[in-house]
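Here the structure is laid out as structure tokens; the discussion comes afterwards.
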Protein chains: 2
Amino acid sequence: MSDKASQARTAILKVLSELEGHPAGAARISERLASCGVTLQPRTVRFYLLQLDREGLTSFISRRKGRMITPAGREELGRANVLEKVGFVQAKVDTLSYRMSLNVESGDGELITNVALLKNQDISRAFAELKPVFERNLGMGDRLCIVPSSASFAGHTIPGGYTGIGTICSVTLNGVLLAAGIPITSRFGGLVEMRSNRPVRFTELIEYAGTTADPLEMYIRAGMTRVRECVKTGNGIIGASFREIPSLAMDQASLIFKKMEKLDLGGVLTIGRPGQPLLDVPVAEGRTGFVVMGGLNPIAAIMEAGIACTFGSLSGLEPYTRFARLAVIFRHYMNSLR
Amino acid sequence: MSDKASQARTAILKVLSELEGHPAGAARISERLASCGVTLQPRTVRFYLLQLDREGLTSFISRRKGRMITPAGREELGRANVLEKVGFVQAKVDTLSYRMSLNVESGDGELITNVALLKNQDISRAFAELKPVFERNLGMGDRLCIVPSSASFAGHTIPGGYTGIGTICSVTLNGVLLAAGIPITSRFGGLVEMRSNRPVRFTELIEYAGTTADPLEMYIRAGMTRVRECVKTGNGIIGASFREIPSLAMDQASLIFKKMEKLDLGGVLTIGRPGQPLLDVPVAEGRTGFVVMGGLNPIAAIMEAGIACTFGSLSGLEPYTRFARLAVIFRHYMNSLR
DNA sequence: ATTAAAGACGGCAAAAATGCCGTAATAAGT
DNA sequence: ACTTATTACGGCATTTTTGCCGTCTTTAAT
């Protein structure tokens, strides 16, 4: 058995093992594989599944349900060094995507957040920075959550003297689409050059499949964004993420985007045409690309203003109801000062 | 013709076109393709070359020399949107690798540099930071170049009030190996955790093939390094780069590494064993991985010390003779102060 | 219940990618 | 000039992938 075949088999086992007992068919497996860098057509997956079945590593459940991994299969997976076979980076990214699997749905539920920590005394200044960013729709959605000291948020407790700002992470969108059965692939995180409030092109890109750290986080820390400038003049550089879905699912996706906007969760910057490159980024035949705002753009503005601030993306889950529109928060905050 | 085949053909044409009139055989082309993300065996390359020959896009030169691209081929390449076919990111990375093609050789020649700009008044402090970094061998080589205001370096002129510090870029090593006919692939840039002055593992990685910006540069700007700590305690986080060569060439490479050390250009942190993972990073069958110090580590230390400093990697070429050992520079500098 | 629709299988064969290997053209050494 | 080593080619056969398509289940709707 060639090196390649063995990698394919291992990867298939791995996908099945992550499905937690749910059986899956070749099509689903193929999608999953694609999102972690292994491209195999469904037919090819079936080809390998047949082998694996015969070796007792997977078992055929039913014509409708597909296959499951067997205990022997799990054992085999343990023996095979997945990192070695499927690729180290992919593996790390996998855990990352795993974290983004939970999600909201049309009405409520929990969504994925980013958290930034600021010293209490910097909050007023931070607000002043945040407001125009949201007004210009450069963030993901239009809601955020202010967390006072010693309250807890997304599983963390805010330390004394600090205030937390929870923003909505753009992978929430992935969760929503996934829940609707649309297989979405995050391809790149990058910096988009804006001119007259419109995206022109990506000036930098990092493939999600080829990195262990969230690209947008890196760009912001590295001080490569120009969110404030974009707010002021309409020209600047903001964080964004390039994603792809099957062109067939585009109509359905558009509907979902609209629904999200109604929840103040809109964040789609621009949508490409089927199979056509978008902002110079090519997409595969049969797929459509679109660009989503970086959920951290508001935080980037704070950093750019020189306000000390620590932050992290994909921090955890919080119910939708905990987030409020900036205007509302602002009013509350003003009242609390009185 | 499938999408994949057309990509393969375009990629082959692209490689040939970059060879500037020199003919090449399938083996060489295959190597080049590999280093920009397209994996095709030499036989497969020949398969496509045959097609291209028939279509007049390439021409057979001789049994010994291989093929060249024809004017028609170049035209075709112009028509085909290379970015679209071969991948946007790859293309950007290509230009980057292209820049690293020139190099030193056993005695002298030009090498590839990074440049940092500091305010004149910060120079003394910067020296104090640089010294221990080089003493601990955390930089690439043991030489650097101090460039006074308005002098020029690597094609740039240092602005008034500033001093430039030129360090040796670790891609110089690629150039040297390449010149010796060893095909080397840069796989990842990342952060290595050091304990007791020994590398333990990569804490972060970014694939060179999947990014438009130099990963190490990003990590340093993002403030994710701990070079000073490593200098002081032997434990810390430094920038490094993971590269691979064919296992067969390892002996030859070791010799070259030794020669480079004699020129104070040593920078190899650790070398793996054939086909074995190194610091948890797996390598392909028949290849050997090794880790090279980030040429920017000394600059990272300066940044960590809070000294304002702008810098860039792969800034340009400078003759070896322009670099001197830190001790020598230090002495000169002291004299100049008198 | 009965029927229709969706999803999954695997046989068969075509398309792609390679492995093996004998032959040809050079380069280098004697 | 002659021999040897090196490098590249392309024919042929194999191995991998993948497309096409008829069949079988299961779910959902009538």
Side-chain angles (χ1 to χ4, degrees), chain A residues 1-12 15-16 19 22-34 37-55 58-69 180-183 246 248-249 252 284-286, chain B residues 1-12 15-16 19 22-34 37-55 58-69 180-183 246 248-249 252 284-286:
Chain A
M1 182 174 28
S2 81
D3 201 41
K4 210 167 172 185
S6 134
Q7 171 187 326
R9 290 162 43 107
T10 311
I12 291 174
V15 165
L16 281 176
L19 254 39
H22 287 272
R28 211 177 307 280
I29 296 176
S30 169
E31 287 284 2
R32 288 258 180 174
L33 285 174
V38 181
T39 24
L40 292 176
Q41 303 311 309
R43 183 64 189 84
T44 313
V45 174
R46 282 200 290 278
F47 171 78
Y48 285 113
L49 280 172
L50 216 53
Q51 286 183 8
L52 294 167
D53 274 359
R54 283 200 263 269
E55 293 168 32
T58 56
S59 75
F60 181 101
I61 300 300
S62 85
R63 194 101 192 198
R64 173 69 188 224
K65 302 250 175 94
R67 316 296 220 285
M68 272 183 60
I69 189 169
I182 302 176
L248 286 177
Q252 200 191 342
E285 182 80 18
Chain B
M1 179 175 28
S2 81
D3 201 40
K4 212 166 171 185
S6 135
Q7 172 186 327
R9 290 161 43 106
T10 312
I12 292 174
V15 165
L16 281 176
L19 254 41
H22 286 271
R28 209 177 309 279
I29 295 176
S30 170
E31 286 284 3
R32 288 258 180 174
L33 285 174
V38 182
T39 24
L40 292 177
Q41 303 311 309
R43 183 64 189 87
T44 313
V45 173
R46 280 200 290 277
F47 171 76
Y48 285 112
L49 280 172
L50 216 53
Q51 286 182 9
L52 293 167
D53 273 0
R54 281 200 263 270
E55 293 168 32
T58 55
S59 76
F60 181 100
I61 300 301
S62 85
R63 194 100 193 201
R64 173 69 190 231
K65 301 248 174 98
R67 314 298 220 287
M68 271 183 62
I69 189 168
I182 302 176
L248 286 176
Q252 200 191 343
E285 182 79 18

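Reminder, nothing fancy here: chain letters follow the sequence lines and each chain counts from 1.
- We find that CZ of A:Phe47 is positioned 18 Å from P of C:dA16, with the value rounded to whole Å.
- The structure places CG of B:Leu50 at 6.5 Å from CZ of B:Arg67, a figure rounded to the nearest 0.5 Å.
- Rounded to whole Å, atom C1' of D:dG10 lies 15 Å from atom CG of B:Leu52.
- Following rounding to the nearest Å, A:Arg28 (CZ) and C:dC9 (P) show an atom-to-atom distance of 10 Å.
- Summarising the geometry, atom CD1 belonging to A:Ile69 is positioned 14.5 Å from atom NE2 belonging to A:His22; distances are rounded to the nearest 0.5 Å.
- Rounded to a whole Å, the CG atom of A:Leu50 is 6 Å from the P atom of C:dG11.
- Expressed to the nearest 0.5 Å, how far CD1 of A:Ile29 lies from CG of A:Leu49 amounts to 5.0 Å.
- Take B:Ala27 and apply the side chain to side chain contact (heavy atoms under 4.5 Å, CB included) test, not counting sequence neighbours, and it matches no residue.
- Contact record, A:Arg46 with A:Ala26: CG-CB, 3.4 Å, taken as the closest heavy-atom pair.
- For A:Phe60 and D:dT23, the CZ to C1' distance is 12 Å, given to the nearest whole Å.
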Exercise. Base, backbone or nothing for each nucleotide of nucleotides 25-30 of chain D, written B, S, -, heavy atoms under 4.0 angstrom, 5' to 3'?
Worked result: SB----

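- For A:Leu40, taking side-chain heavy atoms from C-beta onward, the closest of the listed nucleotides C:dT18, D:dA8, D:dT18 is D:dT18.
- Counting atom types as modelled, B:Arg43 pairs a side-chain N or O with a base atom of D:dG11 as donor and acceptor under 3.5 Å.
- Among residues two or more places apart in sequence or in another chain, the side-chain hydrogen bond (donor to acceptor under 3.5 Å, both in side chains) test is passed with A:Glu55 by A:Arg9.
- Computed from coordinates, the A:Arg46 CZ to D:dC21 C1' distance equals 11 Å when rounded to whole Å.
- The CG-C1' distance, from A:Leu49 to C:dG10, rounds to 11 Å in whole Å.
- Of the side-chain N and O atoms in A:Arg67, none sit less than 4.0 angstrom from OP1 or OP2 of C:dA8.
- One interatomic measurement links the two molecules: CD1 of B:Ile61 to C1' of D:dG10, which rounds to 17 Å at whole-angstrom precision.
- A distance of 11.0 Å separates CG of B:Leu40 from CZ of B:Phe47, quoted to the nearest 0.5 Å.
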